[in-house]
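Working notes, beginning with the structure itself.
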There are 4 protein chains.
Amino acid sequence: MNSFGRLFRVSIFGESHGECVGITIDGCPAGLSLSPEDLAADLERRKGGKQKGTTPRQEEDFPIFKSGIFNGKTTGFPITILFENKNIRSEDYTKQRSIPRPGHADWVAHQKFGGYEDYRGGGHFSARLTAGIVAAAAIAKKLMKDVSIHAEVVEIGGEKDLEKGLQNAIDAKDSVGGIVECRVNGLPVGLGEPWFDSVESVLAHLVFAIPAVRGVEFGTGFAAARMFGSEHNDAIVEMSGKTKTNHAGGVVGGITNGNELVFRLAIKPTSSTPKEQESLNWDTEQVEKFSIKGRHDLCVALRAPVIVEAVAALVLVDFMMLEQKIPTVLS
Amino acid sequence: MNSFGRLFRVSIFGESHGECVGITIDGCPAGLSLSPEDLAADLERRKGGKQKGTTPRQEEDFPIFKSGIFNGKTTGFPITILFENKNIRSEDYTKQRSIPRPGHADWVAHQKFGGYEDYRGGGHFSARLTAGIVAAAAIAKKLMKDVSIHAEVVEIGGEKDLEKGLQNAIDAKDSVGGIVECRVNGLPVGLGEPWFDSVESVLAHLVFAIPAVRGVEFGTGFAAARMFGSEHNDAIVEMSGKTKTNHAGGVVGGITNGNELVFRLAIKPTSSTPKEQESLNWDTEQVEKFSIKGRHDLCVALRAPVIVEAVAALVLVDFMMLEQKIPTVLS
Amino acid sequence: MNSFGRLFRVSIFGESHGECVGITIDGCPAGLSLSPEDLAADLERRKGGKQKGTTPRQEEDFPIFKSGIFNGKTTGFPITILFENKNIRSEDYTKQRSIPRPGHADWVAHQKFGGYEDYRGGGHFSARLTAGIVAAAAIAKKLMKDVSIHAEVVEIGGEKDLEKGLQNAIDAKDSVGGIVECRVNGLPVGLGEPWFDSVESVLAHLVFAIPAVRGVEFGTGFAAARMFGSEHNDAIVEMSGKTKTNHAGGVVGGITNGNELVFRLAIKPTSSTPKEQESLNWDTEQVEKFSIKGRHDLCVALRAPVIVEAVAALVLVDFMMLEQKIPTVLS
Amino acid sequence: MNSFGRLFRVSIFGESHGECVGITIDGCPAGLSLSPEDLAADLERRKGGKQKGTTPRQEEDFPIFKSGIFNGKTTGFPITILFENKNIRSEDYTKQRSIPRPGHADWVAHQKFGGYEDYRGGGHFSARLTAGIVAAAAIAKKLMKDVSIHAEVVEIGGEKDLEKGLQNAIDAKDSVGGIVECRVNGLPVGLGEPWFDSVESVLAHLVFAIPAVRGVEFGTGFAAARMFGSEHNDAIVEMSGKTKTNHAGGVVGGITNGNELVFRLAIKPTSSTPKEQESLNWDTEQVEKFSIKGRHDLCVALRAPVIVEAVAALVLVDFMMLEQKIPTVLS
């Protein structure tokens, strides 16, 4: 369903062109200072329009605290945060509806929800719902003050020179994919479990909740499949658990080992490419050519880092609470 | 913890050198014919020793049904299956204990569980626990009679010619990693949800529960990050939802679209390499050289396919039940 | 935490004197017609002021749908409903704060949440949160069109003549408790499980979530403890499962048997009695006498029936969905 | 399903006349000393035959630890405990099967599980499954060393003189019900939550998992419904939270207040009465008279106290862990 987490549990709701999108956080300890300003930096990063390759859309993403905050501090009860939808254009979304866009959820949503889904702007599938996720994660980050989480784009369209990768797409008048890498420092040893609650399992679970992610790898990842054991093994060299190399990416046996946690994601090219495409028209039952209008991100990977950090923060704060590394009431 | 699934829920327990390993399946519909023979083929595949590169160990993996079966059929109540551990050698495991093996969970387990963990043969971390997972999945497969799940090794040590990849490792006297690919046919349209319960999320969650997995990708996966949108998008060409290409690997917006479900895993080289290694001795606090004795799989990826199929089956049967594609009582 | 249900899952949030109270419903099938009018009758019943013994407060409890509804129908995605708090008087709640009111959560909340709790009007403990529960249950009731749920007060202050029981309290200038009985007809045979998911277990769980409930009994209940087996046993007399008597109250072995489901609740007298009381002043550390000002319900049981029906509806719709008695998309 | 608990989670399995009954405990901290002797006293109390009114059956209830214990201590991994079924008589249980016994689950089980249920001796519905629950609870009790839980029968057949109540039943050649009371001392302030996770909610949930329970009440319970507010309110008189009276039974607003936790259960008369009864024969579709043979408990309430203590212990240890009152590894 639409909830995730065991002790720090988030629930998302809302639609792109409905009243709002939002999130409820249940399980946040009482006593954390919290104001909209604490969320501002990450919400700002999530918005597009600031860099080449992202849309110049100017939504105002102002978080409205509806519950769980009193006198500027968390109360220990559910925190609900809304982002009201404004300036929704009343255009006729039904016009183009009969042609499900390739790469989008139009067709599967229609099949699964019997045509009752809110299809305007992607509805509940819209990346606008990540506003709530980023907001909740900003709270999670505040709870883990000794942990630093940093994600960045490390490749666009196969180019490590990001400007060049983007220019290739602009020149080709096409959208393009990319790779995002996330590094986490300051984690305690001992988060996670073998088997179903391994750190990789729970992180991968939430990482694939991000639209457009097609792969995830930890440490050396897919390259490990091409290595010999003697190359890949990380020798422990200090009593703290520090290893000589970090091919494991900070997790062994599903459990953090105190070294830097490293993972990478593959993000597909934006489905809404400027190029002409074809798809089936479900009214005429014919394959038709069509173009997607409007301004879209050429490379959605560019907006992903803050969302990747967010899902990492949500997963890690929950593991920290399970290990009693965060008290139930802050003092 | 050690349970997974919403309506078809499995719970694992046991240790490599304790009394047994086992699994409990809660939520299996009543009325399914079931005998140990139904599990035999997959349990046989899980065992090593039949092919070059796997250990010639000869454990008997006979599943003992302890509950939930009556007159050869499931009752609708929990099915507990045990695999008793036999021929456990009473050797002194404590001897080598002070040197945590690189790539293994020795060190993190010791830190997290305060030295109380059963370290013999990997204890609860041992791949022997996959016997239960494979057994439960054989039941899941029987419940999904129109669905076929097939996994295979497609690359060893970077070589698509598997014999050659393995020979390279044998020649190098080293262990080696590999890539496993899984393809699922016959799935209905509409399994999964956007966001937290996407098919990719839940599959990746369970795939990373398999020891030694370092990465997972769906459809075109990491290669999608290097493509243009116009290349990657799959045009829908039939009313059934069939697409011209299948770069998405059968899942769009987190939901199955009726095309073949395709995913690939990176499996690291076996941590127990024949080569001499070094690690910290936690008694002497010195880095020491040591060798791992005994016979081990050179390429653990070779034994992975049946386990990969198993986790896929467990995830998919649960999604099928959530969509009411499997009745609560079979007739 | 603040969520309940397996397939039809509700999450509550909000405070009495904060921005709002509300609820999110996750798992409601797509295609159900829904408007604020569908919730109006039950929300109206929940309000006080219409009958002797309830407060003449006039809050406007208008449900605002924030998500999950499109073109007047449910979409299959989370439905968030808000009740904005209006006319909150800005009086100084801190004045009386140092004396925790007997029977209220003031003292335990302060201890548990370290003083960070929103204490104004009971905060998250306030019965105002039942507005969300009643709203969600009105949706659940609509999904179970063949099931009728009816609760009523059957005793006030030990009197079956309710007017008399209430008059006794008015004469004594005191608050008073009562008994509420709920009867459900039209349930299918086979809801519930033995042991942890028995119908009684899950119903009792949610019934005790209602503030002021001190006991619950099914069928003959506590009187059964004073009966012989030959008196209590219900003989099955029809192939439909109909029994001659219904001492079991419609549940045997944790599972509905097709007879009327019957349960009763004990509701304590309103803690806010008009009488002078004593409690410890946690600033002076002295026991002090004090009176609670303002208008309060003399008998909170009078407002309970619609809430009792609500929790019954939430529990039963979830059991119905687990048994596939309600489709995932309505047609 | 067949699991309960959030951090200390138990899963039951097995049938009365199958291979075994058993339980798995997931989430028990590492480092707790544990041997079968620790469970012996409570398992002995659970057995019948020692007192008038219970059956002289002599099963051997020896707990076999199958996992999770190493060198006499818990490892932090799942603990599976089996009770093998011995001396199962191979009589023809099918003979009497066509007449579902009143008060038993025969008929509902048959309807719900389509005839696939193991009906021998009650199968999975059998009270024999409480052996596992009592065993798990003995572990929970050991984890809460400052908490004392004591339950006892306080009434049989309406008589507080228990001998007399039992003699009435013996004289009437009938079975009889009773009341069990449980008192818990030493709990910290602050366990539980308002609403869905109130202490009463979770306790009542598990109490109704005990077969034959028909009602539960906390503190003054149903009597509270007949009191005035000024009588019922408990004045706080000490800074520790101690109240002058304890009508609330130790829980206010769903949260423990440090006073004695008190609750009572109504247990129906044993369904298997020695008296002749009638029920529908589902083969002949006629109501027939019949008698239940064999020796049965006249008053099942007599065996209930240790089981009531058990469910209380399972609920409370979980709340203690949620409040970080028990470490993840014991030292």
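Every value quoted in this text rests on a predicted model; they were computed, and no experiment measured them. Proteins get letters first, then strands, A, B, ... in listed order; numbering begins at 1 in each.
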Could you report the tightest heavy-atom contact between [X] and [Y], atom names first, then the distance?
X       : Y       : answer
T256(D) : V108(C) : O-CG1, 3.6 Å
F222(D) : V216(C) : CE1-N, 3.7 Å
A209(D) : S201(C) : N-OG, 3.2 Å

Side chain, backbone, both or neither: which part of [X] has a non-hydrogen atom closer than 4.5 Å to chain D?
X       : value
H124(C) : both
V252(C) : both
L265(C) : backbone

Considering only heavy atoms and a distance below 4.5 Å, find which of [options] pairs most often with chain D.
options                            : result
F4(C), W282(C), F125(C)            : F125(C)
H104(C), E193(C), M239(C), E285(C) : M239(C)
G177(C), G253(C), A225(C)          : A225(C)
G215(C), S3(C), G190(C), G229(C)   : G229(C)
G192(C), G254(C), P188(C)          : G192(C)

Nearest-0.5 Å distance that lies between atom CG in N257(D) and atom NZ in K112(C): 13.0 Å

Does F196(D) offer a backbone N or O that forms a donor-acceptor pair with the side chain of H205(C) under 3.5 Å?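 Pair found, side chain donor or acceptor close to backbone of F196(D).
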
Check the orientation of F208(C) and F218(D). Use parallel for under 30°, tilted for 30 to 60°, and perpendicular for over 60°. perpendicular

Kindly indicate, with the supporting measurements, whether the criterion side-chain contact (heavy atoms from CB on, under 4.5 Å) is fulfilled by W195(D) and I210(C). CA-CA 7 Å; W195(D) 308 107; I210(C) 305 174; over 6 Å; no

Salt bridge or not for R226(C) and E159(D), using N-O below 4.0 Å?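 Answer for the salt bridge query: no.
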
Is E200(D) close to chain C through its backbone or its side chain, or both, or neither, when contacts mean heavy atoms under 4.5 Å? both

Heavy-atom proximity to chain C below 4.5 Å, by part of S198(D): side chain

